[in-house]
Every structure is written in C-alpha cells, then in structure tokens.
Amino acid sequence: MATTYLTRTPGSETNRKTWTFSAWVKRSSVPSNAGNQIFQQSLSDGNYMKLYFFDNKIYWRGTTGDTNAAYLVTNRLFRDVSAWYHIVARFDSTNATAGDRMRLYINGIEETSFSTDINPSLNYDSFANTTNPIDIGRDNVNNANYFDGSMSHIHFIDGTSYDASAFGETDANGVWKIKTDVSVTYGTNGFFILKDGNSVTDQSGNSNNFTVGGGTLTNTEDNPSNVFATFNALAYFGKGSALENGNTRAYGDSATSNNECSFTTLTGSSGKYYAEFKIASVGTASFIGISDIEYTILENNDGQYRPFTIMVQNNGVLNVRGSGYGAPTTTGSWSASYTTNDILQVAMDLDNNYFYFGKNGTWQNSGVPSSGATGTGGVAITSDKNYAFTFGGYGSSPSAYANFGNGYFGTTAVSSAGTNASGIGIFEYDVPTGYTALSTKGLNL
C-alpha cells in the first residue's frame, strides 16, 4: 500500500480564481472503486480543490460548504499501467465563457466529454492558493487515498491559466513529450518539483519547497521520456499476485498449491535485455525467468492461462513449461540454489535466442551471455516470440524486488552500480556486453 506523499503550506493567500496545475503521472494499480489522489488543497472535508483518479476516470473537484462548485469527471477511462499520462488542470473563473473556466488536458489534448460537468460561477474563489496545506499524492483531509504510482515534472502556476503546450510538445514521431524549456510565470505560490529525480526542492525560483510528509520518495529511471518495464498489474498467472514499490516488487501465492506469476509490462522479440531480482522471501518455492506471453495454455483446473516459461527455481532446478497442461520439464541441479537477499541476474538474447541466469555476479551453468550464436551456457528459446521477465512462487508468501534498470531494489539503491555500455538503466552488476534495460529506448537501440 502506497503511503508516500509530499506536502507544503503556503505562507500567504494569492489568486484563488486563476491557476494551472501540470503533472506527469504513471499509475501502478487500477482499483475499481478507490481514489488515487494527485493533488489536493483543503480547508476541511467540504471545502477543497482536488484532482484524482476514481473508478479509473479522472475527477477534478472543488467544493464550498460541502456543495459541488466546480466538478469535472471524464467519460473515458485511464487504465494503462505501462504509460505516463500528462495531466493539465487549467482554472480561470474570471473567464466570461462558463465552459472555459475549467479545462482539462490529457497528453496535450483537451478533454471535451464529461459524465459530470459543473462549471464554477463567475469569479468563484477556489481553495487553491489559500494558506491551507497542499498535498501531492494524498487526500489531506482524510489522510487516505494515496497515489499508487510515479510522478514527474509537477508545475503549479499562481495567477495564470496555461494550456498543455506550455509544459509539453509533440516530437517528430507524433509523441507527446516533456517540454524541457518551459517558459511560464509561476506567481507567488507557484512551484516546480520532481524535475530531475526525486528532488522536492522548488525549481521555479520561488523556493516553495515541499517536504516528504510520509513514506519514502524513491528515485526511478522510469520517466515520460524513457518508460521502463515494471510488473504488469493487468497481466499475471494465478489468482493475482500482489505488487508494490511502483510495481517492482511482486509476491507469489501464500497457499501451497498455486504458483502465481507476474510479468513485465514491456516485452521484446529482438534485442538483448538484462534485469536483476533480489529475493525477499523464497516461500515454499520461487521462480525467476522469462515467459512468452503470446503463447498461453488454458488450465482446465482453474480457468487460468499459463504461458510458456523458462524459469529457475530457488533449489537450482531449471523449469521449462511448453505446450500442454501438466508439470514443466525440469533438469537436475542446473544452477546454485538461491535464498533471501541473493541478487539474481537474467539475460535474454532475443537475437540469438538464448536465456541466461546468474547469481550474485556469477553466471550459472558457465553461461556467457555475450557469446552470441554459440549460446555458451545458455538455454535455447523459440525465436520470433514476445518475451517478458517473470517472477513466480507459492507458499509462505514468496517475494522478490526487481531492478529493471531503476537502480533500486524496492526503496534501497544498488550498493555500487556496475558498468552499462548502453547508458540505459542502473544495475548492481555489470550489464553483459550488448545488453540493455528493457525500456522504450532500450527496445529501439
């Protein structure tokens, strides 16, 4: 459960009628009936201005005296846990046109279809830019509804209404991206945080710095300009593996009979990719490896789909599950066994079609991931498939922290980063020659 949030209390009240909020956000979960708070400034439970996800829609709501005074709810849903969304909330109650007093932009496009559309009255004073606390990532009245995911490049503009083009732009490929040369007037209470890494120091020049009110604010290489793989909250085998830490920690099933697996949001069909896993608990059994997520087999006993997988169990046995229901094909002791706090390395060469596995800096089975077509110490895999990194397990709550290039295992940074010729991602050990992190830039090398 996410409990991290940022907070600041302005020293003076300024322009409550005109302001702009802009942020890039990436969701980690899509709860059906819970809120994921992005921004909130509140006097009390009935007097606030807030922006949040609920029922996978975006809600932008302002109340006075417990009455909805300004309220937009999108018709469309936002359920992609592999993507960053750029959200701009543009407020100007001085506008003579009622429909232009609240304007919401997603990835540069203005939303025009709302299931709820209540525009504020002319010159309505919102609860933004008051001397009440501002929280990023939490409902600061109920101390609940923490944002589950990542945020980047958060701007607040005091006194000016800007559209999305002030903060983003379209690249040569038609992709909406961060504008690095933002030129805006921030006003007295304006701020710019999370510009580079996890700094809450205001970059606007106003010194309107935030503090971390709770939890741990963890840096991540995953950003709107280079999206990294994470475990996919919408794709798993089993009853549903629990995910944490921005979907970089996965749990297997606590029962002894269900092997639950988590797969990454990104997959590769060509190229060479590397990832690391730190074991938190092996449970009764844990499995680390890769899966072809395109090829699935319906399990007759529980109605679930089982993918083709190559995984190494904590006892060192190699498991290869191909077509048909039943137990996987296994080897004898293919690898050294692993346990809590061991760091495991997985390399998938999708150009030469081999899988490699390492433990604490040593490649197992005398593997040489850079051996190319010879596949020294590797396991042959089928070509022209889409492979994801995978963690699975069962019994006594097996769990692992994945480092897909973010440079962290959970909230703990790698102890000493290894070499990485691609320059994409930060890992504990040296990345094999020719390999890179599984990310949007890595996929396009």
Side-chain angles (χ1 to χ4, degrees), residues 1-6 23-40 51-59 77-87 106-107 135-139 144-154 194 197-198 212-236 238-252 260-267 275 277-278 280 388-391 399-412 425 437-440:
M1 176 63 69
T3 58
T4 302
Y5 70 97
L6 311 180
W24 290 79
V25 303
K26 183 181 181 183
R27 306 185 71 189
S28 290
S29 61
V30 285
S32 60
N33 59 352
N36 263 222
Q37 212 78 4
I38 301 172
F39 160 87
Q40 181 163 332
L51 180 70
Y52 58 104
F53 289 101
F54 187 86
D55 283 343
N56 298 315
K57 299 177 181 180
I58 294 177
Y59 283 60
L77 306 178
F78 300 88
R79 296 178 292 193
D80 190 347
V81 295
S82 66
W84 285 83
Y85 295 112
H86 181 214
I87 302 175
I106 311 298
N107 295 338
D135 276 13
I136 304 293
R138 185 186 74 155
D139 174 345
N145 297 322
Y146 294 90
F147 182 78
D148 188 10
S150 303
M151 296 189 185
S152 181
H153 280 237
I154 300 177
L194 304 186
N198 57 339
V212 180
T216 302
L217 185 64
T218 306
N219 190 24
T220 174
E221 294 293 297
D222 190 351
N223 65 79
S225 299
N226 186 17
V227 181
F228 280 67
T230 59
F231 288 122
N232 194 339
L234 304 179
Y236 50 80
K239 295 180 179 178
S241 301
L243 303 177
E244 292 179 349
N245 300 125
N247 293 355
T248 61
R249 183 180 185 179
Y251 290 83
E260 296 189 353
C261 297
S262 296
F263 315 116
T264 49
T265 51
L266 300 181
T267 64
F277 300 82
K278 186 173 184 177
F389 291 114
T390 305
F391 167 78
S399 175
Y401 300 99
N403 176 16
F404 298 117
N406 287 323
Y408 281 76
F409 295 106
T411 58
T412 303
L438 183 57
S439 71
T440 50

Could you measure the distance from the [atom1] atom of [X] to the [atom2] atom of [Y]? Nearest 0.5 Å is fine.
{"X": "N406", "Y": "N219", "atom1": "CG", "atom2": "CG", "answer": "8.5 Å"}
{"X": "E244", "Y": "S399", "atom1": "CD", "atom2": "OG", "answer": "7.0 Å"}
{"X": "L51", "Y": "I136", "atom1": "CG", "atom2": "CD1", "answer": "9.5 Å"}
{"X": "I154", "Y": "I87", "atom1": "CD1", "atom2": "CD1", "answer": "10.5 Å"}
{"X": "N36", "Y": "N145", "atom1": "CG", "atom2": "CG", "answer": "8.0 Å"}
{"X": "T4", "Y": "R138", "atom1": "OG1", "atom2": "CZ", "answer": "11.5 Å"}

Have a look at F231 and tell me which of Y251, F404, F389, F263 forms a ring-ring contact (aromatic ring centres under 6.0 Å, His included) with it.
-> F404
[Y] side chain reached by [X] side chain, heavy atoms, under 4.5 Å:
{"X": "N223", "Y": "H153", "result": "no"}
{"X": "L217", "Y": "L194", "result": "yes"}
{"X": "F78", "Y": "N56", "result": "no"}
{"X": "T218", "Y": "N198", "result": "no"}

Does the pair D135 and Q40 meet the rule for a side-chain hydrogen bond (donor to acceptor under 3.5 Å, both in side chains), with working shown?
-> CA-CA 5 Å; D135 276 13; Q40 181 163 332; over 6 Å; no
[X] and [Y]: which non-hydrogen atoms are nearest, and at how many Å?
{"X": "A233", "Y": "S28", "answer": "CB-O, 3.5 Å"}
{"X": "A437", "Y": "G405", "answer": "CB-CA, 4.5 Å"}
{"X": "R249", "Y": "A280", "answer": "NH2-CB, 3.5 Å"}
{"X": "V227", "Y": "L266", "answer": "O-CD1, 3.5 Å"}
{"X": "K278", "Y": "F409", "answer": "CB-CD2, 3.5 Å"}

Does the pair F391 and F277 meet the rule for a ring pair (Phe, Tyr, Trp, His ring centres under 6.0 Å), with working shown?
-> CA-CA 9 Å; F391 167 78; F277 300 82; 7.3 Å; no
Pick out which of T267, V81, N247 makes a side chain to side chain contact (heavy atoms under 4.5 Å, CB included) with N232.
-> V81
Evaluation steps, side-chain hydrogen bond (donor to acceptor under 3.5 Å, both in side chains), between S29 and D148 = CA-CA 6 Å; S29 61; D148 188 10; 2.8 Å; yes
Might you work through the side chain to side chain contact (heavy atoms under 4.5 Å, CB included) test for F228 and T220, ending with a clear yes or no?
-> CA-CA 9 Å; F228 280 67; T220 174; over 6 Å; no
Starting from the C-alpha separation in whole Å, work towards a yes-or-no answer on side chain to side chain contact (heavy atoms under 4.5 Å, CB included) for D80 and Y85.
-> CA-CA 9 Å; D80 190 347; Y85 295 112; 3.3 Å; yes
Return the orientation label for the Y146 and Y5 ring planes: parallel under 30°, perpendicular over 60°, tilted otherwise.
-> tilted
For the residue pair H86 and W24, does the interplanar ring angle fall in the parallel (under 30°), tilted (30 to 60°) or perpendicular (over 60°) class?
-> parallel
Any sub-3.5 Å donor-acceptor pair from T264's side-chain atoms to A388's backbone N or O?
-> no
Criterion side chain to side chain contact (heavy atoms under 4.5 Å, CB included) on T248 and Y401, from CA distance to verdict | CA-CA 6 Å; T248 61; Y401 300 99; 5.8 Å; no
For the pair L243 and S262, evaluate side chain to side chain contact (heavy atoms under 4.5 Å, CB included) and give the outcome as yes or no after the intermediate values.
-> CA-CA 9 Å; L243 303 177; S262 296; 3.8 Å; yes
Charged tip of R27 within 45° of F53 ring normal and under 6.0 Å = yes
